[in-house]
Participant: 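This is the structure I have questions about; it appears just below.
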Amino acid sequence: MDSKKLIVNTLLKVLPDEITEEQVEKLIEKPKTSDLGDYAFPTFILAKSLHKAPNMIAEDLVGQIDPAGFEKVVNTGAYINFFLDKGEFANSVLHDVLKQNEDYGNQNEGNGGNVPIDMSSPNIAKPMSMGHLRSTVIGNSIAKIEKKLGYQPIKINHLGDWGTQFGKLIVGYKMWGSEEEVEADPINNLLKYYVRFHKEAEEKPELDDEARAWFKKMEDGDEEALKLWTWFKELSLKEFNRIYSRLGVEFDHFTGESFYNDKMDEIVDILEQKNLLVESRGAEIVDLSEYDLSPALIKKTDGATLYITRDLAAAKYRKDTFDFVKSLYVVGSEQSEHFKKLKIVLKKMGYDWSDDIHHIEFGLITTGGKKLSTRKGNVILLENVLQDAVELAKKQINEKNPNLKNKDDVAEAVGVGAVVFHDLKNERRDSFDFNLEEVVRFEGETGPYVQYTNARALSILRKAGNIEFDANDALNLDDPEAWDTIKLLQSFPSVIARAGRIYEPSVIAKYSLKLAKSFNQYYAHSKILAEDEGLKARLAVVKSVSIVLQESLALLGVKAPEEM
RNA sequence: GUCGCAGUGGCUCAGUUGGAUAGAGCAACGGUCUUCUAAACCGUAGGUCGUGAGUUCGAAUCUCACCUGCGACACCA
């Protein structure tokens, strides 16, 4: 049953011959509100050829249209509005959802193709900030969406585990730190040394020389330097993993920057072979002036490699290892030029697959309108935010549902869910100013609102005795109160496809809010558990809504508690 | 300065491919729990869609110019 096809065919019978099927299909739109109809055809384009006013045309055509298969077909102004047969449509949609359950909306666009996703990528020895949250949850959600579309996502945590900052850290640690202090609270204390280093280096530039020397030792394989580095890294990973497990995020690989240390010579060799490398101001670069871009710096004056060199190595490694169909990088939009350069250089190297690399950029989180800076110690610690959110959730539970079991688990799911959902709700390119009250809000367009809606739906199903559905059930619900909800259920697969096409978790988040809202309206206006012949169909709506809400939340990486 | 992104009610944002009176949520005000979880629902109020031109039967949406904000612009990542 394809209702759009039915409309196209119905229209073609009465439209002038010069209008093609493709044109009709393209012109059909969905009215803003259901009271105008379910589909509409605007007649403006016919005005010229028919020499008539559009609303007259609409009126004439409606007179000729065969309304078989529709509830009704009417004209409103210049539009021909189609009202679908609600009962039949509902029956079909509800059976689809109930039968496929959590597989509803699955698609095979990807055909199992590998999609490495570079995400999260925090820096060792620095705390995870709200900025890392963005990369982590956006990447995680995109991975789930890709999976649902039939791709094989490979989540890669490209840890910032190499570079001069470790020289600084070692200097700071040796000057002001101790083993006991670090073990007691690793990240905060390491951060303390790092911040202090930057403060003191302003007065004493010789500290920077010392830091560079220590990093050089790391690169040369110095035992003490590497021992400290490994230690910092282990401690950091332990803390990161604690946060990842709270967020429910798992990685397939933790191949950070240091992983590519031995893979960069090859890149430099290839660049040399292809005559792409030129010397400029003592550094080795790839000239990109033909693209109006500053050059790609491959090697510094001192011979050390740079960011893009490493990323070239990583890109090639990923192609060689995973033979990806596309390769995604969930990285802030301030690095968009870097990825533009990366793709161009790869292309110049002769790798056509550079077209399959996509920078999934996202906007900055600021405080007071300013960019956060770890160096200045002005960061919003993710863990504090999660903690505040969970505590607030706990408070709400004690007020609203004091007899709830598993209070702590639910508070965790709701608090963390609120933070994650808030981050995914808006288009990822939007930057926003951090505001704790807004992030941990539980009312209105929030994660907890969606969770709550699902919990209420599940509660009804429990009260109904967890009814089983089968293919013979007549689910021909034609209640106008449920109509928007049913249409939304039907659109879920196309919503997922769109979210995947533009790499936008917010599309799913917005959809889940819409579905929750429409279900809450239905819930408020209709008695679902009334003992009459429509009971089973109503319960089918409730069950379908809970299936789709849970799947939507799952795609966002947000938990769906059964009660709250 | 150059390039990129953005500008929609007091605040935060929706608005596939141009289409019917520009939609939500917060905040404000007023209603709704003897009935399925009131983290909900209903209503009231609030908008020159940054500004000015242009394209079009039709523009928040497309084009151009300008204004404002943010970001990036060679040895950090």
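No experiment lies behind these values; they were computed from the predicted model shown. Chain A is the first sequence line, chain B the second, and so forth, proteins listed ahead of strands; every chain is numbered from 1.
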Participant: Please assess A:L312 against A:L342 for the test side chain to side chain contact (heavy atoms under 4.5 Å, CB included), listing each intermediate value before the final yes or no.
Facilitator: CA-CA 7 Å; A:L312 287 166; A:L342 181 71; 3.6 Å; yes

Participant: Measuring only the C1' atom in each nucleotide, how far is B:A24 from B:U8? A whole number of Å is fine.
Facilitator: 13 Å

Participant: Do A:R429 and A:F362 meet the cation-pi criteria used here (NZ or CZ under 6.0 Å from the six-membered ring centre, within 45° of the axis)?
Facilitator: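 So A:R429 doesn't make the cation-pi contact.
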
Participant: Across the strands shown, which category fits A:A455 at heavy-atom distances under 4.0 angstrom: base, sugar-phosphate, nothing?
Facilitator: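 Answer is base: heavy atoms of A:A455 come under 4.0 Å of a base.
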
Participant: Out of B:A38, B:A39, B:C41, which has the shortest distance to the side chain of A:A524?
Facilitator: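 Of all the options, the side chain of A:A524 is nearest to B:C41.
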
Participant: For B:U2 and A:Y291 - does any side-chain N or O of the residue sit under 4.0 Å from the phosphate oxygens OP1/OP2?
Facilitator: no

Participant: State the pairing partner of B:U2; accept Watson-Crick or G-U wobble contacts with both distances under 3.5 Å, and report none otherwise.
Facilitator: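 Across any shown strand, B:U2 pairs with B:A72.
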
Participant: Look through every strand shown and name the nucleotide pairing with B:U61 as Watson-Crick or G-U wobble, where both distances are under 3.5 Å.
Facilitator: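 Across any shown strand, B:U61 pairs with none.
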
Participant: Using a heavy-atom cut-off of under 4.0 Å over every strand shown, decide if A:T301 touches base, sugar-phosphate, or nothing.
Facilitator: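 Result for A:T301 = base.
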
Participant: Counting the atoms with a prime plus P, OP1 and OP2 as sugar-phosphate, which does A:P295 contact under 4.0 Å by heavy atoms, base, sugar-phosphate, or nothing?
Facilitator: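 The residue A:P295 makes base contact.
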
Participant: Base, sugar-phosphate, or nothing for A:H525, non-hydrogen atoms under 4.0 angstrom?
Facilitator: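 Sugar-phosphate: the residue A:H525, judged by heavy atoms under 4.0 Å, touches backbone atoms but no base.
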
Participant: Sticking with atom C1', work out how far B:G25 lies from B:U48, rounded to a whole angstrom.
Facilitator: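 Rounded to whole Å, the distance is 24 Å.
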
Participant: Any base atoms under 4.0 Å from A:P54, or only sugar-phosphate, or nothing? Heavy atoms, all strands.
Facilitator: nothing

Participant: Should A:E445 and A:K514 count as an ion pair when the cut-off is N to O under 4.0 Å?
Facilitator: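 Looking at A:E445 and A:K514, the cut-off is not met.
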
Participant: Between A:Q451 and B:A39, is there a side-chain N or O to OP1/OP2 distance below 4.0 Å?
Facilitator: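 False: A:Q451 side-chain N/O out of range (4.0 Å or more) of B:A39 OP1/OP2.
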
Participant: Taking the C1' atom of each, how far is B:C70 from B:A28, in whole Å?
Facilitator: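 About 31 Å, rounded to a whole number of Å.
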
Participant: Mind checking A:F44 for me? I need base, sugar-phosphate or nothing, with any heavy atom below 4.0 Å counting as a touch.
Facilitator: base

Participant: From B:C76, B:U21, B:A39, pick the nucleotide closest to the side chain of A:L306?
Facilitator: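 Selected nucleotide: B:C76.
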
Participant: Taking the minimum atom-to-atom distance to the side chain of A:Q396, which one of B:A39, B:A74, B:A20 wins?
Facilitator: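 Among B:A39, B:A74, B:A20, the one nearest the side chain of A:Q396 is B:A39.
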
Participant: Quick check with a 6.0 Å cut-off and a 45 degree axis cone: is A:K199 positioned over the face of A:F197's six-membered ring?
Facilitator: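 Judged by the rule, A:K199 and A:F197 form no cation-pi pair.
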
Participant: Check the phosphate of B:U16 against A:K30, side-chain N and O only, distance under 4.0 Å to OP1 or OP2. Yes or no?
Facilitator: no

Participant: Working note: A:Y449 + A:F442, criterion ring-ring contact (aromatic ring centres under 6.0 Å, His included); need CA distance, chi angles, decisive distance, verdict.
Facilitator: CA-CA 6 Å; A:Y449 173 81; A:F442 299 153; over 10 Å; no

Participant: Tell me which nucleotide among B:C42, B:U17, B:C73 gets nearest to the side chain of A:K517.
Facilitator: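 The closest nucleotide is B:C42.
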
Participant: If the P atom of B:C26 is compared with that of B:G69, how far apart are they to the nearest Å?
Facilitator: 32 Å

Participant: So which nucleotide from B:A77, B:A39, B:C73 ends up closest to the side chain of A:P448?
Facilitator: B:A39

Participant: State whether A:E361 and A:R428 are salt-bridged, where the test is any N-O pair (Lys NZ or Arg NE/NH1/NH2 against Asp/Glu carboxylate O) under 4.0 Å.
Facilitator: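 Salt bridge: no.
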
Participant: Roughly how far apart, to the nearest Å, are B:U61 and B:U51 at atom P?
Facilitator: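 Approximately 11 Å lies between the P atom of B:U61 and that of B:U51.
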
Participant: Return yes if a side-chain donor-acceptor contact under 3.5 Å exists between A:S512 and A:S552, otherwise no.
Facilitator: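 Absent: no donor and acceptor within the cut-off.
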
Participant: Side chain of A:T76 only, heavy atoms from C-beta on: which candidate in B:U17, B:C36, B:A20 is closest?
Facilitator: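 Nucleotide nearest to A:T76's side chain: B:A20.
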
Participant: Quick one: what's the B/S/- string for nucleotides 6-12 of chain B, heavy-atom cutoff under 4.0 Å, read 5' to 3'?
Facilitator: ------S

Participant: Base, sugar-phosphate, or nothing for A:R441, non-hydrogen atoms under 4.0 angstrom?
Facilitator: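 Answer is sugar-phosphate: A:R441 comes under 4.0 Å of backbone atoms only.
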
Participant: Centre-to-centre under 6.0 Å for A:F339 and A:Y329, is that the case here?
Facilitator: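 Ring centres of A:Y329 and A:F339 closer than 6.0 Å.
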
Participant: Taking the basic N atoms (NZ, or NE/NH1/NH2) and the acidic carboxylate oxygens, is any pair closer than 4.0 Å for A:K52 and A:D60?
Facilitator: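 Here A:K52 pairs with A:D60 in a salt bridge, since their nearest N and O are under 4.0 Å apart.
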
Participant: Using the P atom as the reference point in each nucleotide, state the distance between B:A53 and B:A60 in Å, no decimals.
Facilitator: 14 Å

Participant: Which base sits across from B:C41 as a Watson-Crick or G-U pair, both distances under 3.5 Å?
Facilitator: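 The answer is B:G31, by the H-bond criterion.
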
Participant: By nearest atom, which of the nucleotides B:A39, B:C42, B:A20 is closest to the A:Y452 side chain?
Facilitator: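 Nearest to the side chain of A:Y452 among the choices is B:A39.
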
Participant: By the 4.0 Å heavy-atom rule, please label A:L513 as base, sugar-phosphate, or nothing.
Facilitator: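 Result for A:L513 = nothing.
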
Participant: Using the P atom in both, what is the distance from B:U16 to B:C11, to the nearest Å?
Facilitator: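 About 23 Å, rounded to a whole number of Å.
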
Participant: Would you indicate which nucleotide in B:U37, B:A39, B:A40 comes nearest to any side-chain atom of A:K400?
Facilitator: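 Selected nucleotide (nearest to the side chain): B:A39.
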
Participant: How would you label the contact of A:L293 with the nucleic acid (heavy atoms, under 4.0 Å): base, sugar-phosphate, or nothing?
Facilitator: nothing

Participant: Do the side-chain N or O atoms of A:K514 get closer than 4.0 angstrom to the phosphate oxygens (OP1, OP2) of B:A24?
Facilitator: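 No, A:K514 has no side-chain N/O under 4.0 Å of OP1/OP2 on B:A24.
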
Participant: Report yes if the distance between the aromatic ring centroids of A:Y317 and A:Y260 is under 6.0 Å, otherwise no.
Facilitator: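 For A:Y317 and A:Y260, the ring centres are under 6.0 Å apart.
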
Participant: Roughly how many Å apart are B:U37 and B:G31, using the P atom of each and rounding to a whole number?
Facilitator: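 B:G31 and B:U37 have their P atoms separated by 26 Å.
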
Participant: Does B:U37 have its OP1 or OP2 closer than 4.0 Å to a side-chain nitrogen or oxygen of A:S459?
Facilitator: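 For B:U37, OP1 or OP2 has a side-chain N or O of A:S459 closer than 4.0 Å.
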
Participant: Between B:A20, B:G15, B:A72, which one does the side chain of A:A40 approach most closely?
Facilitator: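 Taking heavy atoms from C-beta onward, the closest nucleotide is B:A20.
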
Participant: Paired with B:C26 by Watson-Crick or G-U wobble geometry, both distances under 3.5 Å: which nucleotide is it?
Facilitator: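 In the structure as shown, B:C26 has B:G10 as its Watson-Crick or wobble partner.
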
Participant: Do A:S280 side-chain and B:A74 base share a donor-acceptor contact under 3.5 Å?
Facilitator: yes

Participant: A:N81 side chain: which of B:C41, B:A20, B:A40 is closest?
Facilitator: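 My answer, after comparing the listed nucleotides, is B:A20.
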
